[in-house]
S.K.: 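Sharing a structure below in structure tokens format, with a few things to ask.
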Amino acid sequence: MAGSMRVVVTSVFLALLIETSTFEYVCAANRNVSCHEVERQALLKLKQDLIDPSGRLASWGNNLNCCNWSGVICDNLTGNVIQLRLRNPLDPYNGFYIPSEAYAKMWFSGKINPSLLDLKHLRYLDLRGSNFGGIQIPEFLGSVHTLRYLNLSAAGFGGLVPPQLGNLTNLHVLDLHDFSSLVYAENLQWLSHLVKLKILDLSSVDLSKASDWFQVTNTLPSLVEIHLSGCQLHRLPLQADVNFSSLSILDLSSNSFSNPLIPGWIFKLNSLVSLDLSHNNFQGQLPHGLRNLSSLRYLNLYWNNFNSSIPSWLYGFTSLEFLNLGSNYFHGSISNGFQNLTSLTTLDLSDNELTGAVPNSMGSLCSLKKIKLSGLHLSRDLSEILQASSSPGCLLNRLESLLFISG
Ligand SMILES: *[C@@H]1O[C@H](CO)[C@@H](O)[C@H](O)[C@H]1NC(C)=O
Ligand SMILES: *[C@@H]1O[C@H](CO)[C@@H](O)[C@H](O)[C@H]1NC(C)=O
Ligand SMILES: *[C@@H]1O[C@H](CO)[C@@H](O)[C@H](O)[C@H]1NC(C)=O
Ligand SMILES: *[C@@H]1O[C@H](CO)[C@@H](O)[C@H](O)[C@H]1NC(C)=O
Ligand SMILES: *[C@@H]1O[C@H](CO)[C@@H](O)[C@H](O)[C@H]1NC(C)=O
Ligand SMILES: *[C@@H]1O[C@H](CO)[C@@H](O)[C@H](O)[C@H]1NC(C)=O
Ligand SMILES: *[C@@H]1O[C@H](CO)[C@@H](O)[C@H](O)[C@H]1NC(C)=O
Ligand SMILES: *[C@@H]1O[C@H](CO)[C@@H](O)[C@H](O)[C@H]1NC(C)=O
Ligand SMILES: CC(=O)N[C@H]1CO[C@H](CO)[C@@H](O)[C@@H]1O
């Protein structure tokens with residue numbers, strides 16, 4: 001989805017903050033320390049069980065110092081393995097998930113040997129972009145209790161998320177975002193133990209049976225990011241006392257909420273910078289409560305049934321960089337107020353009932369890179385504005401993508 005980019009940037013930033021100390025090791029480490037024999041053996045067993053068609057683990061075993069093997073990061077004082085950075089170096093995301101041939105060549109398959117448990121100091125495990133063929137996430141991962149960062153996104157697991165993961169009480173980051181939708185959870189009771197969790201991404205995990213999802217996430221005091229896109233969630237509580245007051249990213253897109261209205265507790269999340277409610281069934285007018293979220297940099301309401309005019313308070317959201325109101329029933333005209341949204345880089349108003357002319361003042365949106373105004377009932381073309389304007393200025397210079405079909 002077009003929208004996920006900035007969110008990813010923030011996630012990486014947070015992940016770096018969390019891993020600051022270990023991040024430095026990546027640069028300075030591994031030259032002088034040598035690896036522990038037990039851990040070396042554990043890694044060799046791990047390698048044995050992984051199918052590695054492109055030889056990414058070729059350096060594993062070619063010398064005694066496993067701290068020097070690719071993807072292995074040791075503590076520079078003790079020599080203990082603290083990180084396994086084994087994610088696919090290629091990116092599967094081409095808008096949606098279609099693995100390319102090159103990507104598939106780089107992924108690991110096979111299985112994860114329980115010898116992983118011999119890495120008693122492992123804090124960081126990243127196996128993202130593997131293909132474990134729909135097997136369950138191994139229960140024994142729940143016993144690697146030193147883990148702070150676990151990224152199994154797009155790793156090809158299936159079946160029940162093992163509740164044993166609830167034993168990973170040191171986790172700051174849990175990313176099980178899969179694209180196959182083969183992973184599910186019966187409930188999220190196990191999650192309630194992960195009190196240090198800052199980033200939770202269970203997108204595309206089938207949570208249709210986990211009716212406790214809200215109740216549980218609301219008990220996690222440290223959460224900064226919640227990504228529950230495409231989780232087949234059915235109901236959002238209307239009233240709630242929200243605990244996650246430091247939440248900055250909330251992604252509840254692509255669910256099938258029965259709620260016609262955005263629930264009020266969302267408007268109390270004052271520190272939100274990113275809200276994604278796209279691909280849901282919200283309707284009526286844009287609720288006034290949204291005014292409270294004026295720090296938003298990212299707002300995605302694409303593909304809902306909002307049918308009011310665009311409210312003028314929205315033009316006070318001067319931090320907005322991404323605004324998608326596309327595929328709703330917004331009516332009325334496109335206001336001059338848009339000129340106030342000077343941080344906008346992406347604007348999508350397409351496929352609504354908007355009428356009238358695109359105001360000249362749009363030409364002064366200097367940061368705008370993408371604008372989509374197709375499927376509207378407009379009387380004047382944006383290109384006319386660009387030509388008529390004496391100083392077509394920044395808009396013309398910077399636009400990377402302009403989609404405008406009058407109709
Ligand atoms: C280990 O790494 C840390 C972080 O980079 C650094 O501050 C420390 O000096 C290093 N220790 C040794 C012995 O290299
Ligand atoms: C490795 O050891 C050498 C010599 O003992 C020392 O000069 C160097 O700073 C050490 N490097 C690191 C990264 O600790
Ligand atoms: C997991 O890994 C993917 C790929 O590197 C990355 O895009 C994503 O941000 C990671 N998740 C977290 C929470 O760091
Ligand atoms: C881990 O979690 C499971 C299931 O929640 C539990 O039965 C077990 O006692 C926990 N502790 C350890 C150390 O595995
Ligand atoms: C907020 O979190 C605390 C501690 O995690 C918990 O005891 C409390 O029940 C939570 N409040 C709600 C409304 O869930
Ligand atoms: C907007 O939608 C609501 C609910 O679907 C409906 O009751 C209302 O009449 C609609 N308003 C407009 C202006 O279309
Ligand atoms: C807006 O935020 C204020 C301050 O946090 C809060 O008191 C108020 O209830 C919020 N408004 C809505 C509609 O949630
Ligand atoms: C746009 O900003 C100007 C100056 O900051 C302000 O006076 C005006 O009311 C704003 N317009 C809207 C529609 O919010
Ligand atoms: C994978 C890896 O880091 N290999 C390094 C091991 O150490 C030798 C010599 O210091 C380097 O040349 C390799 O690149």
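Note that ligands are numbered from 1 as they come in the structure, with each ligand's atoms numbered from 1 the same way.
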S.K.: Under 4.0 Å from any heavy atom of Val173, which atoms of ligand 3 are there?
M.R.: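 Checking each atom against Val173, I get 13 (C).
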
S.K.: Please indicate whether any nitrogen or oxygen in Asp175 is less than 3.5 Å from any nitrogen or oxygen in ligand 3.
M.R.: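 Yes.
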
S.K.: Taking 4.0 angstrom as the limit and counting only heavy atoms of Asn307, give me the atoms of ligand 6 inside it, by number and element.
M.R.: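 This gives 1 (C), 2 (O), 3 (C), 8 (C), 10 (C), 11 (N), 12 (C), 13 (C), 14 (O) as the contact atoms.
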
S.K.: Do Arg123 and Tyr149 meet the cation-pi criteria used here (NZ or CZ under 6.0 Å from the six-membered ring centre, within 45° of the axis)?
M.R.: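 Arg123 over Tyr149 ring: no.
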
S.K.: Tell me whether the rings of Tyr315 and Phe338 are parallel (<30°), tilted (30 to 60°) or perpendicular (>60°).
M.R.: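 Rings of Tyr315 and Phe338: perpendicular, over 60°.
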
S.K.: Can you give me the closest heavy-atom contact between Cys35 and Arg40, atom names plus distance?
M.R.: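 Looking at all heavy atoms of both residues, the shortest contact is SG-CB, 3.6 Å.
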
S.K.: In terms of atom number and element, which parts of ligand 3 are under 4.0 angstrom from non-hydrogen atoms of Ile199?
M.R.: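 Near Ile199, the atoms of ligand 3 are 13 (C).
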
S.K.: Once side chain to side chain donor-acceptor pair (under 3.5 Å) is applied, what residue pairs with a partner in residues 328-346 remain, sequence neighbours excluded?
M.R.: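 Every side chain to side chain donor-acceptor pair (under 3.5 Å) pair that includes a residue of residues 328-346, provided the two are not neighbours, is Asn336-Ser361.
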
S.K.: Please identify which atoms of ligand 3 are closer than 4.0 Å to at least one heavy atom of Tyr149.
M.R.: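 Listed by number with element, the hits are 1 (C), 10 (C), 11 (N), 12 (C), 14 (O).
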
S.K.: When you look for heavy atoms under 4.0 Å from ligand 3, do you find them on the side chain of Glu225, its backbone, both, or neither?
M.R.: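 Looking at Glu225 and ligand 3, no heavy atom falls under 4.0 Å.
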
S.K.: Taking only residues two or more places apart in sequence, or in another chain, which ones meet Lys196 in a side chain to side chain donor-acceptor pair (under 3.5 Å)?
M.R.: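 For Lys196, the residues satisfying side chain to side chain donor-acceptor pair (under 3.5 Å) (neighbours in sequence not counted) are Asn170.
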
S.K.: Is Asn352 reaching over with its side chain to a backbone N or O of Ser350, donor-acceptor style, under 3.5 angstrom?
M.R.: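 Here the side-chain-to-backbone pair exists.
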
S.K.: Could you tell me whether some N/O pair between Gln283 and ligand 6 is separated by less than 3.5 angstrom?
M.R.: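 Between Gln283 and ligand 6, an N or O pair is found under 3.5 Å apart.
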
S.K.: Can you sort out which atoms of ligand 3 are near Asn151, meaning under 4.0 Å from one of its heavy atoms?
M.R.: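 Here the atoms of ligand 3 in question are 1 (C), 2 (O), 3 (C), 8 (C), 10 (C), 11 (N), 12 (C).
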
S.K.: Is the charged tip of Arg235 near the ring of Phe257: under 6.0 Å from the six-membered ring centre and within 45° of its axis?
M.R.: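 No, a cation-pi geometry is absent between Arg235 and Phe257.
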
S.K.: Do Glu225 and His227 get their side chains close enough for a donor-acceptor pair, meaning under 3.5 Å?
M.R.: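 Present: a donor and an acceptor within the cut-off.
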
S.K.: I'd like to know if the side chain of Asp212 and the backbone of Val216 have a donor-acceptor N/O pair within less than 3.5 Å.
M.R.: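 No.
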
S.K.: Under a 4.0 Å heavy-atom cut-off, what residues line ligand 8?
M.R.: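 Only Tyr315, Gly337, Asn340 have heavy atoms that fall under 4.0 Å of ligand 8, ordered by chain and number.
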
S.K.: Under 3.5 Å, is there a donor-acceptor pair between the Tyr302 and Asn304 side chains?
M.R.: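 No, because no side-chain N or O of Tyr302 sits under 3.5 Å from a partner of the opposite role on Asn304.
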
S.K.: By number and element, which atoms of ligand 3 are closer than 4.0 Å to a non-hydrogen atom of Arg87?
M.R.: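 So the atoms of ligand 3 that pass are 5 (O).
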
S.K.: Determine whether any heavy atom of Asp201 lies closer than 4.0 Å to an atom of ligand 3.
M.R.: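 It does not; every heavy atom stays at 4.0 Å or beyond.
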
S.K.: With sequence neighbours left out, what residues match Arg87 under salt bridge (charged side-chain N to carboxylate O under 4.0 Å, His left out)?
M.R.: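 Salt bridge (charged side-chain N to carboxylate O under 4.0 Å, His left out) list for Arg87, sorted by chain: Asp126.
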
